[in-house]
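Before any comments, here is the structure.
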There are 2 protein chains.
Amino acid sequence: MAKAGPRTESGTSRARSADVRDALIAAAIETLAQAGFAGASAREIAARASCSQGLVFYHFGSVNDLLLAALDEVSTRRMDAYRRLVAEATSVTGLADAARSIFIEDLNSGYVRVLVEMITGAQSVPGLGERVAERLAPWRDLAESAVRNALRGSPAARLLPAPEAAHAIVAGFFGLEMLAMLDGDSSAALAVFGRARSLARLLDVLAGVKVPRSRRNDR
Amino acid sequence: MAKAGPRTESGTSRARSADVRDALIAAAIETLAQAGFAGASAREIAARASCSQGLVFYHFGSVNDLLLAALDEVSTRRMDAYRRLVAEATSVTGLADAARSIFIEDLNSGYVRVLVEMITGAQSVPGLGERVAERLAPWRDLAESAVRNALRGSPAARLLPAPEAAHAIVAGFFGLEMLAMLDGDSSAALAVFGRARSLARLLDVLAGVKVPRSRRNDR
DNA sequence: GTCTATACTTGGATAGAC
DNA sequence: GTCTATCCAAGTATAGAC
């Protein structure tokens, strides 16, 4: 039986501790997205989490390990939503629509930016690159299965092998995000997605695939 | 007439000074490409240039200004070569070939990496992003005129408006570079360029354009 | 578990000798 | 113009009080 004493009751204290952990991860994501890898110091992150800087090291051991935890959080949080979206895409047009809405969501939430910062920032820290690559693998797999799913049974599959198409799509996400950060504006990226949809639709029509109707009225 | 004295003869001394300036710029490029923005400190760059760290500030005022000078150097050094390459591309296939050889050259020399590092790194330094954007504008203009040139008179021009196509191409360069740094390997990027060429060729054939023969034997 | 204080390191930037 | 020495700010990480 638990003996009485100062109120360090296990459930409560564990919950509070986990709260801080979560707050630090959320702050790390926010910091990566707003200040970049170079700006993501223990002090800056702790300030955003409204806790002491020492807790970064208590909970995660090092700043880089916290950043990797943030990357994990971003991955798992989005992966489910994306898997669902992508499963619905059974045509090239559908794939283009899915890619577009994923891009918009992630652009607004800053998640793609987190990936971009981690990929480039990791290059200046020996050994970090590999750990980032591991965490990105599921995203790349998802992109590849999305392409496979969208092209299943389409003659376009011969023109667009899934591995290369997936690689190009992932690269496109990252590159468009970079240009959007540079411009402080994502309208050009959105225009590219719009155009991609038209081309996708053309591919579907040529292949005789039943094509989803446009969501917007682009006559 | 110049009076005799300690050998600080103007021509020689100015030449030596310019040598150091150039060495610092070359070292900055190398450092950005190999250690990234976060690793590009005045001390690290000076060490690679085999001179004292103080000279960074004497010649450039600040590290960031040196990095911008490095970006300028990369831009001007490549722009001429690219303009020539791109002027020769008068079909979509030709454009794909030009893009491919530019990518390979820049990947090996690390120039794209310099751009990627500057774009992302600049986000953590207030005001630097704008200055990077200015320097990137000519590249984006070049891409756009390349597209215009390649599509001149082709029916594909209606499908691929130059601004959007150019934006996508630039984004593709950056994204493929990022994935190549992540993988430590550019074979996947090269495969994408190979596939892009096939698709470009298909576009040209459909449009009835005279298509350059393949350089490699892809039957 | 959390905070404050502090040791230690690295990096930007300047001063002064040569 | 270049180097050495140095100052100062910011960052990582740890120690010890609570």
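The sequence lines fix the lettering, A, B, ..., with proteins before strands; numbering per chain opens at 1.
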Salt bridge B:D65-B:R131, side-chain N to carboxylate O under 4.0 Å: yes
Nearest atoms (heavy-atom pairs only) where A:A180 meets A:L107: CB-CD1, 4.3 Å
Interatomic distance, A:F57 CZ vs D:dG11 P [rounded to whole Å]: 11 Å
Interatomic distance where OH belongs to B:Y58 and P belongs to C:dA15 [whole Å]: 15 Å
Whole-Å distance separating the CG atom of A:L24 from the P atom of C:dG1: 14 Å
Side-chain heavy atoms of B:L55 within contact of B:F60, under 4.5 Å: no
Plane angle bin for B:F103 and B:F193 - parallel if under 30°, tilted between 30 and 60°, otherwise perpendicular: tilted
Within residues 26-42 of chain B, residues whose heavy atoms come under 4.0 Å of DNA chain D: none
Any donor-acceptor pair under 3.5 Å from B:Q53 side chain to B:A42 backbone: no
Donor + acceptor pair across side chains of B:S75, B:R135 (<3.5 Å): no
Sidechain-backbone polar pair: A:D183 side chain, A:D185 backbone, donor-acceptor under 3.5 Å: no
B:Q34 and B:R48: side chain donor to acceptor below 3.5 Å: yes
Ion pair A:E144/A:R140, N-O distance below 4.0 Å: no
B:F60 CZ - C:dG12 C1' separation (whole Å): 16 Å
Stepwise side chain to side chain donor-acceptor pair (under 3.5 Å) check, A:N64 with A:S62: CA-CA 5 Å; A:N64 287 335; A:S62 73; 5.4 Å; no
Neighbours of DNA chain D within residues 122-132 of chain A, by heavy-atom distance under 4.0 Å: none
Interatomic distance where NE2 belongs to B:H59 and P belongs to D:dG1 [whole Å]: 7 Å
N/O to N/O distances under 3.5 Å, protein versus nucleotides 3-7 of chain C:
unit_1, atom_1, unit_2, atom_2, d
C:dC3, OP2, A:S52, N, 3.0

Exercise: identify the closest heavy-atom pair between B:S124 and A:A35: CB-O, 2.9 Å
Nucleotide D:dA10, atom C1' - distance to CD1 of A:I45 in whole Å: 14 Å
Sugar-phosphate only, base, or nothing, as touched by A:V56 at under 4.0 Å among non-hydrogen atoms: nothing
